[in-house]
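Below you'll find the structure, written out as structure tokens, and then a few comments.
Just so it is clear, the values below take in all heavy atoms, side chains as well, and ignore hydrogens, waters and symmetry mates.
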Amino acid sequence: MTARIERPLSPHLQTYRWTLTMALSIVHRATGVALYFGTLLLAWWLIAAASGPTAYAHVQAFTGSVIGKLIVFGYTWALMHHLCSGIRHFVWDLGYGFKANEREALTWGALVAGIALTVLVWIIAYAVGGGR
């Protein structure tokens with residue numbers, strides 16, 4: 001009879017203590033997926049703009065609604081967060097920022113910068129567009 005060898009379980013989510021770096025790594029992937037769907041909205045807007053005033057008015061009515069504005073705001077945040085997290089990953093790819101304090105600083109920087117850039121884009125959009 002063959003003796004069964006007890007092997008250790010591979011580490012999984014219950015083994016690790018959650019950190020901001022882990023959470024934002026997952027959020028980075030999720031925002032990448034969200035950008036695919038948001039790009040469909042962008043394509044709809046561009047196609048409607050090329051199709052004529054009636055089609056464009058329909059898209060503008062949707063994006064001007066509360067739900068539409070929330071979706072566009074979420075798309076903006078996903079884009080800005082993905083950009084900042086991508087820069088964070090690029091720094092890591094260059095071999096920098098792996099010490100615990102550097103990793104935390106990069107993570108907080110990406111989080112704060114993504115939110116700040118989103119708010120900045122919307123402030124500029126409302127200032128230029130007159131809040132339409």
Side-chain angles (χ1 to χ4, degrees):
M1 178 169 257
T2 308
R4 184 166 183 204
I5 300 171
E6 291 295 324
R7 295 189 176 143
L9 292 174
S10 266
H12 46 79
L13 292 178
Q14 289 108 355
T15 303
Y16 295 110
R17 181 183 60 85
W18 276 90
T19 64
L20 184 63
T21 304
M22 290 170 65
L24 286 191
S25 183
I26 293 168
V27 170
H28 178 73
R29 288 170 177 83
T31 56
V33 172
L35 290 174
Y36 280 104
F37 294 106
T39 302
L40 292 174
L41 180 64
L42 180 61
W44 179 36
W45 179 72
L46 290 170
I47 291 167
S51 297
T54 306
Y56 186 72
H58 289 304
V59 175
Q60 288 299 94
F62 173 73
T63 57
S65 70
V66 174
I67 290 176
K69 284 183 181 181
L70 283 173
I71 290 171
V72 174
F73 185 83
Y75 179 74
T76 307
W77 174 78
L79 183 64
M80 295 303 147
H81 175 78
H82 199 76
L83 168 76
C84 294
S85 282
I87 292 169
R88 175 177 60 118
H89 281 273
F90 181 66
V91 169
W92 287 342
D93 288 344
L94 293 174
Y96 301 106
F98 287 112
K99 293 179 186 169
N101 60 338
E102 294 171 343
R103 200 172 53 243
E104 282 292 309
L106 282 171
T107 302
W108 277 105
L111 179 62
V112 170
I115 293 168
L117 285 172
T118 301
V119 170
L120 182 64
V121 164
W122 277 72
I123 288 172
I124 292 170
Y126 267 81
V128 171
R132 288 183 255 162

Is Trp77 reachable from Leu41 through a run of hydrophobic residues whose side-chain heavy atoms are each under 4.5 Å from the next? no
Are Trp108 and Glu104 close enough that some pair of their side-chain heavy atoms sits under 4.5 Å apart? yes
More than 12 non-hydrogen atoms from neighbouring residues, nucleotides or ligands closer than 6.0 Å to CH2 on Trp44, yes or no? yes
Are any non-hydrogen side-chain atoms of Thr118 and His81 less than 4.5 angstrom apart? no
Mind checking whether Leu79 and Leu83 have side chains closer than 4.5 Å, heavy atoms only? no
Does Tyr36 have more than 12 heavy atoms from other residues, nucleotides or ligands lying within 6.0 Å of its OH? no
Path from Ile71 to Tyr126 over hydrophobic side-chain contacts below 4.5 Å: yes
If hydrophobic clusters are built from ILVMFWY residues whose side chains come within less than 4.5 Å, do Val72 and Met80 share one? yes
Within the structure provided, determine whether Arg103 and Thr19 are in side-chain contact (heavy-atom separation under 4.5 Å). no
Atom pair CG (Leu46) and OH (Tyr56), whose distance is rounded to the nearest 0.5 Å: 9.5 Å
Could you check whether Thr76 and Trp122, counting side-chain N and O atoms only, form a donor-acceptor pair closer than 3.5 Å? yes
For Ser85 and His82, indicate whether the former's side chain and the latter's backbone hold a donor-acceptor pair under 3.5 Å. no
Flag yes if Val121 and Trp45 sit in one hydrophobic cluster, no otherwise; membership is Ile, Leu, Val, Met, Phe, Trp, Tyr, and two members link when side-chain heavy atoms are under 4.5 Å apart. yes
Within the structure provided, determine whether Tyr96 and Leu106 are in side-chain contact (heavy-atom separation under 4.5 Å). no
Going from SG on Cys84 to CD1 on Ile115, what distance comes out if it is rounded to the nearest 0.5 angstrom? 10.0 Å
To the nearest 0.5 Å, tell me how far His89 NE2 sits from Leu24 CG. 9.0 Å
Does a sphere of radius 6.0 Å around CD1 in Ile67 hold more than 12 heavy atoms from other residues, nucleotides or ligands, not counting ones at 6.0 Å or beyond? no
State, yes or no, whether a side-chain contact exists between Leu111 and Arg88 at a heavy-atom distance under 4.5 Å. no
To the nearest 0.5 angstrom, please state how far the CG atom of Leu42 sits from the OG1 atom of Thr63. 11.0 Å
Is any side-chain heavy atom of Phe37 less than 4.5 Å from a side-chain heavy atom of Val33? yes
Side-chain donor-acceptor contact under 3.5 Å, Arg29 with Ser25: yes
Minimum heavy-atom distance between Ala48 and Val59, given as atom pair plus value: CB-CG2, 3.4 Å
